[in-house]
Undergrad: 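My questions all concern the structure below.
Throughout, residue positions are numbered sequentially from 1 according to the sequence presented. Note that these values count all heavy atoms, side chains included, but never hydrogens, waters or copies made by symmetry.
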Amino acid sequence: MDLKSKINLEKLPRHIAVIMDGNGRWAKEHGMPRVFGHRNGVKAVRETTEACTELGVEYLTLYAFSTENWKRPESEVNALMTLLVETIKKEIKTLNENGVRLRAIGDISRLPGKSHKTLLQAIEDTKGNTRMTLVLALNYSAKWEIVEAARKLAKAAKAGEIDPAELGEEAFANALSTSGMPDPELLIRTSGENRISNFLLWQIAYAELYFTPTLWPDFRREHLYQAIIDFQHRERRFGKTSEQL
Ligand code: FPP
């Protein structure tokens, strides 16, 4: 039996988040510069997006560039930004044909002008699509996001627009950049690293974590299917006992 047919489509995670890791190591294994790994990582982005859309996953969030990634050599940062622009431009038609809406989380105003502009245009051009939402985390870190939300709420409280005593989890979640999206139920990290690396800290409170040794450029739809099957075999208790479920 093929892997896809083992997936229970009634119990799909509504939102899958992915820490795409291992591009550099993949390039090294192939005796090539790091950028070669990122270029091949785009194939995995395309295949994962396609597979999620076909299955009926509603949201796919990809950690494409963290606030810490600016510390990489300038040439690598530039190459990543160029790749982002090229990929978005190349894929926009396919996104529209397949009903995929593009969104971004992170401080995208700090991206280089061309990357920022292309991204905003793609977000605008796909805003009517409803089959799946592809969220790119760019210049993103969860601690930055949480501080931003706190700042926004503190400002609103100071202006008398909200009552701090009334502030609850829902209102806080609505101040985050993922406002309006369901929390990820499945978080995948490739390349054998078992870390969260400042990604969606608030939103993954109850996510199932799935770590695979596969390097991101080698990640294909079968790897995604395997992660979903694994997710569907877990007992999600949300604080309750097995008997209460
Ligand atoms: C992690 O591998 C990967 C990144 C920081 C960038 C991910 C970018 C892409 C897959 C390409 C562009 C993406 C889109 C959405 C168009 P690493 O460089 O940290 O690998 P290493 O840990 O082996 O060094």
Side-chain angles (χ1 to χ4, degrees), residues 3-21 48-49 51-63 66 101 103-106 130-137 140-150 152-153 162-214 219 221-245:
L3 277 177
K4 194 177 179 183
S5 58
K6 288 188 185 167
I7 296 175
N8 179 352
L9 296 176
E10 306 293 312
K11 284 189 178 173
L12 275 181
R14 289 184 67 196
H15 185 172
I16 299 179
V18 186
I19 302 177
M20 310 181 286
D21 196 11
T48 305
T49 308
C52 282
T53 310
E54 285 164 15
L55 284 171
V57 172
E58 293 169 57
Y59 293 85
L60 171 66
T61 299
L62 302 176
Y63 205 1
S66 78
R101 175 181 182 178
R103 271 182 73 166
I105 55 171
T130 54
R131 191 168 169 206
M132 191 184 74
T133 302
L134 172 64
V135 186
L136 297 183
Y140 174 88
S141 83
K143 286 189 175 181
W144 164 83
E145 177 186 41
I146 291 168
V147 170
E148 277 302 302
K152 197 154 63 176
L153 292 166
I162 57 165
D163 176 1
E166 298 287 311
L167 181 68
E169 287 185 15
E170 204 186 321
F172 197 89
N174 283 335
L176 295 169
S177 54
T178 48
S179 171
M181 300 181 203
D183 285 342
E185 289 161 273
L186 171 62
L187 171 71
I188 301 171
R189 182 173 188 146
T190 58
S191 92
E193 306 288 356
N194 301 341
R195 284 190 294 277
I196 302 300
S197 301
N198 215 349
F199 190 42
L200 301 174
L201 293 180
W202 170 281
Q203 297 88 340
I204 59 163
Y206 279 102
E208 295 295 328
L209 309 182
Y210 181 85
F211 298 104
T212 168
T214 305
F219 196 86
R221 58 183 69 222
E222 286 70 26
H223 298 100
L224 177 80
Y225 297 157
Q226 193 61 65
I228 295 174
I229 293 164
D230 192 278
F231 164 84
Q232 293 185 331
H233 283 95
R234 301 204 192 167
E235 185 180 77
R236 306 189 72 214
R237 291 198 293 274
F238 302 99
K240 295 183 182 170
T241 68
S242 287
E243 292 70 30
Q244 286 175 301
L245 294 175

Undergrad: Do T190 side-chain atoms and D21 backbone N/O form a donor-acceptor pair below 3.5 Å?
TA: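 Side chain of T190 to backbone of D21, a donor-acceptor pair under 3.5 Å: yes, one is there.
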Undergrad: Quick one: CD1 on I7 to CD on Q232, what's the gap to the nearest 0.5 Å?
TA: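 The CD1 atom of I7 sits 6.5 Å away from the CD atom of Q232.
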Undergrad: Under the rule for ring pair (Phe, Tyr, Trp, His ring centres under 6.0 Å), what residues qualify as partners of W202, not counting sequence neighbours?
TA: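 With neighbours one apart ignored, the set is F172.
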Undergrad: side-chain hydrogen bond (donor to acceptor under 3.5 Å, both in side chains) with S179: which residues, sequence neighbours excluded?
TA: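 Listed in chain order: nothing, the list is empty.
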Undergrad: Tell me, which pairs form a ring-ring contact (aromatic ring centres under 6.0 Å, His included) where one or both residues lie in residues 173-193, sequence neighbours left out?
TA: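 Checked against ring-ring contact (aromatic ring centres under 6.0 Å, His included) - neighbours excluded - no pair reaches residues 173-193.
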Undergrad: Got a salt bridge between R221 and E54, using NZ or NE/NH1/NH2 to carboxylate O under 4.0 Å?
TA: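 Result for this pair is yes, salt bridge flagged.
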Undergrad: I'd like to check the ring pair (Phe, Tyr, Trp, His ring centres under 6.0 Å) partners of Y59; sequence neighbours left out, ordered by chain and number.
TA: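 Only H15 meet the ring pair (Phe, Tyr, Trp, His ring centres under 6.0 Å) criterion with Y59.
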Undergrad: Which pairs pass salt bridge (charged side-chain N to carboxylate O under 4.0 Å, His left out) with one or both residues in residues 163-184, sequence neighbours excluded?
TA: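 Matches after skipping sequence neighbours: none remain.
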Undergrad: Any luck finding a side-chain donor-acceptor pair between Q203 and E145 under 3.5 Å?
TA: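 Yes, side-chain donor-acceptor contact under 3.5 Å.
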Undergrad: Can a side-chain donor-acceptor contact be found between T61 and R103 if the only test is distance below 3.5 angstrom?
TA: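 No, T61 and R103 have no side-chain donor paired with an acceptor closer than 3.5 Å.
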Undergrad: Do S242 and E235 pair up side chain to side chain, a donor and an acceptor below 3.5 Å, judged on atom types alone?
TA: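 There is such a pair between these side chains.
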Undergrad: For the backbone of I228 and the side chain of Y210, can you confirm whether one donor and one acceptor N or O come within less than 3.5 Å of each other?
TA: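 Absent.
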Undergrad: Quick one: ring-ring contact (aromatic ring centres under 6.0 Å, His included) pairs with a partner in residues 223-245, sequence neighbours left out?
TA: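 Pairs touching residues 223-245 that pass the test: Y206-F238, F219-H223.
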Undergrad: Is the side chain of T241 donor-acceptor paired with the backbone N or O of Q244 at a distance under 3.5 Å, no angle test?
TA: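 Yes; at least one donor-acceptor contact below 3.5 Å.
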Undergrad: Do the side chains of R14 and V57 get nearer than 4.5 Å, heavy atoms only?
TA: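 Side-chain contact under 4.5 Å: no.
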